[in-house]
Participant: 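Structure below; questions to follow.
No experiment lies behind these values; they were computed from the predicted model shown.
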Amino acid sequence: MRAFKRGIQRLSRWAIAIALLPLLWVLVHQVASMAASVAAEGYRSWWLYLAGILLYIGVERLISRPMRLYIIGHELTHAVSGLLSGAKIHSIKTGSKDGEVQLSKSNAFIALSPYVVPFYAIIVVLLYAAARHWWNPPQVLPTFQILLGFTLAFHFSLTFAALHGQQSDLKVVGFFLSTILIAIGNSLILGLLGVSLFGKTPSLRRFIMETGRQTTTIWLKGLGFDKTVKRFNPPAAKPSPKDQTRWTR
């Protein structure tokens with residue numbers, strides 16, 4: 001009986017993962033298409049982000065991966081997501097090679113959140129918002145851009161490295177579904193940053209609407225509902241000005 005339940009559970013996880021593949025493809029395509037818009041703004045809008053990315057790559061290649069720092073952020077993200085899920089924290093342990101958080105319960109959100117949430121990048125964004133509100137010196141914007149590039153490179157590099165290891169977190173919903181969910185989450189993070197940081201990328205509303213429209217179109221075509229697809233796939237609207245204020249203005 002247990003073997004039968006495990007088989008059904010494994011089959012359902014694979015079915016969910018396959019169903020989510022169109023969403024992942026659309027998000028990756030949306031993010032990739034923003035590259036031309038970002039390039040059109042000129043190098044002054046993005047070169048400091050790139051400098052931060054290259055700075056992190058230099059630290060990792062020439063010195064070492066900051067594993068202790070990653071583990072601290074990793075375990076704290078588990079802890080925060082646990083609190084948001086109503087779990088109680090029993091203990092937190094961090095070291096130079098591994099760490100552990102003991103919680104009263106676990107779920108997919110708690111297990112996978114460190115692989116999606118860029119912990120230190122969020123801290124940088126919050127500090128930048130506070131500095132702009134309370135202080136706002138001229139150096140705050142370039143410092144923010146460099147640090148955001150650095151922390152995002154840190155997140156993506158060490159997340160990729162962690163996925164190649166024997167991570168017990170990925171066993172909660174299975175490696176395949178976990179990988180799909182992590183890829184979707186990180187693509188969504190990049191998309192939201194793209195529409196927030198740059199003026200010529202789509203607005204947040206357009207990004208969400210286009211993602212939903214294209215994903216629905218693929219799903220309906222896959223199910224063979226070709227006539228229904230036409231109703232969900234009207235001609236694309238003309239580009240409209242951004243309907244939100246850029247973070248970096």
Participant: Could you tell me whether the side chain of V116 reaches within less than 4.5 Å of the side chain of L181, counting heavy atoms only?
Facilitator: no

Participant: Between T201 and G194 (side chain of the first, backbone of the second, donor and acceptor by atom type, cut-off under 3.5 Å), is there such a pair?
Facilitator: yes

Participant: Do F150 and V124 have side chains that approach each other closer than 4.5 Å (heavy atoms only, starting at C-beta)?
Facilitator: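 Answer no - side chains too far apart.
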
Participant: Using modelled atom types only, decide if a donor and an acceptor are shared between the side chain of E75 and the backbone of I92 within a distance under 3.5 Å.
Facilitator: no

Participant: For G86, is there any backbone N or O sitting under 3.5 Å from a side-chain donor or acceptor partner on K105?
Facilitator: no

Participant: May I ask you to decide if the ring planes of Y128 and F144 are parallel, tilted or perpendicular, using 30° and 60° as cut-offs?
Facilitator: parallel

Participant: Parallel, tilted or perpendicular for H74 and H78, by the 30°/60° rule?
Facilitator: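 Ring orientation of H74 relative to H78: perpendicular.
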
Participant: Looking at I110 and S85, what are the two nearest heavy atoms and their distance?
Facilitator: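 Here I110 and S85 meet closest at CG1-OG, 3.7 Å.
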
Participant: Honestly curious: do L141 and Y43 fall in one hydrophobic cluster under the side-chain, below-4.5 Å linking rule?
Facilitator: yes

Participant: Over all heavy atoms of both residues, which pair between S187 and V31 is shortest? Give the atoms and the distance, please.
Facilitator: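 Scanning both residues completely, I find the closest heavy atoms to be O-CG2, 3.4 Å.
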
Participant: Given 3.5 Å as the limit, does a donor-acceptor pair link the side chain of S45 with the main chain of G42, or not?
Facilitator: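 Judged by distance alone, yes, a pair lies under 3.5 Å.
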
Participant: Determine, step by step, whether L192 and L204 satisfy the side chain to side chain contact (heavy atoms under 4.5 Å, CB included) criterion, reporting the C-alpha distance in whole Å, the side-chain angles of both residues, the deciding distance to 0.1 Å, and the verdict.
Facilitator: CA-CA 7 Å; L192 293 176; L204 177 61; 3.5 Å; yes

Participant: Linking I/L/V/M/F/W/Y whenever any side-chain heavy atoms sit under 4.5 Å apart, do M209 and L23 land together?
Facilitator: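 No.
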
Participant: Which atoms form the tightest heavy-atom contact between L83 and A87, and what is the distance?
Facilitator: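 Looking at all heavy atoms of both residues, the shortest contact is CD2-O, 3.8 Å.
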
Participant: I'd like to know if the side chain of N186 and the backbone of Y115 have a donor-acceptor N/O pair within less than 3.5 Å.
Facilitator: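 Confirmed, N186 side chain pairs with Y115 backbone.
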
Participant: Could you tell me whether a side-chain N or O of W219 sits under 3.5 Å from a main-chain N or O of A19, the two making a donor and an acceptor?
Facilitator: yes

Participant: Taking L69's backbone N and O only, do any of them form a donor-acceptor pair with Y120's side chain (distance below 3.5 Å, no angle check)?
Facilitator: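 Yes.
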
Participant: Would you say that P66 contacts Y56 through its side chain, given a criterion of any heavy-atom pair below 4.5 Å between the two side chains?
Facilitator: yes

Participant: Once side chain to side chain donor-acceptor pair (under 3.5 Å) is applied, do any residues pair with S12, and if so which ones, sequence neighbours excluded?
Facilitator: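 For S12 there are no side chain to side chain donor-acceptor pair (under 3.5 Å) partners, ignoring immediate neighbours.
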
Participant: Between S203 and V195, what is the shortest heavy-atom contact and its length?
Facilitator: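 Answer, listing the atom of S203 first, then V195: O-CG1, 4.3 Å.
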
Participant: V172 and A108: which non-hydrogen atoms are nearest, and at how many Å?
Facilitator: CG1-N, 4.1 Å

Participant: Short question: side chain of T215, backbone of G212 - any donor-acceptor pair under 3.5 Å?
Facilitator: no

Participant: Sub-3.5 Å donor-acceptor pair from the side chain of T151 to the main-chain atoms of L148, do we have one?
Facilitator: yes

Participant: List the atom of V117, the atom of T77, and the distance in Å for their closest heavy-atom pair.
Facilitator: CB-CG2, 4.1 Å

Participant: Heavy-atom distance under 4.5 Å between the side chains of S157 and E60, does that happen here?
Facilitator: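 SC-SC contact between S157 and E60 confirmed.
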
Participant: Hydrophobic clusters here meaning ILVMFWY residues chained together by side-chain heavy-atom distances under 4.5 Å, can you tell me if L147 and I122 are in one?
Facilitator: no

Participant: Quick one, W46 with F198, criterion ring pair (Phe, Tyr, Trp, His ring centres under 6.0 Å). Give me CA distance, side-chain angles, the key distance, then yes/no.
Facilitator: CA-CA 9 Å; W46 50 261; F198 302 100; 8.8 Å; no

Participant: Indicate if L20 and I18 have the same hydrophobic cluster label, given that clusters are the connected sets of ILVMFWY residues with side-chain heavy-atom separations under 4.5 angstrom.
Facilitator: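 Shared cluster, yes.
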
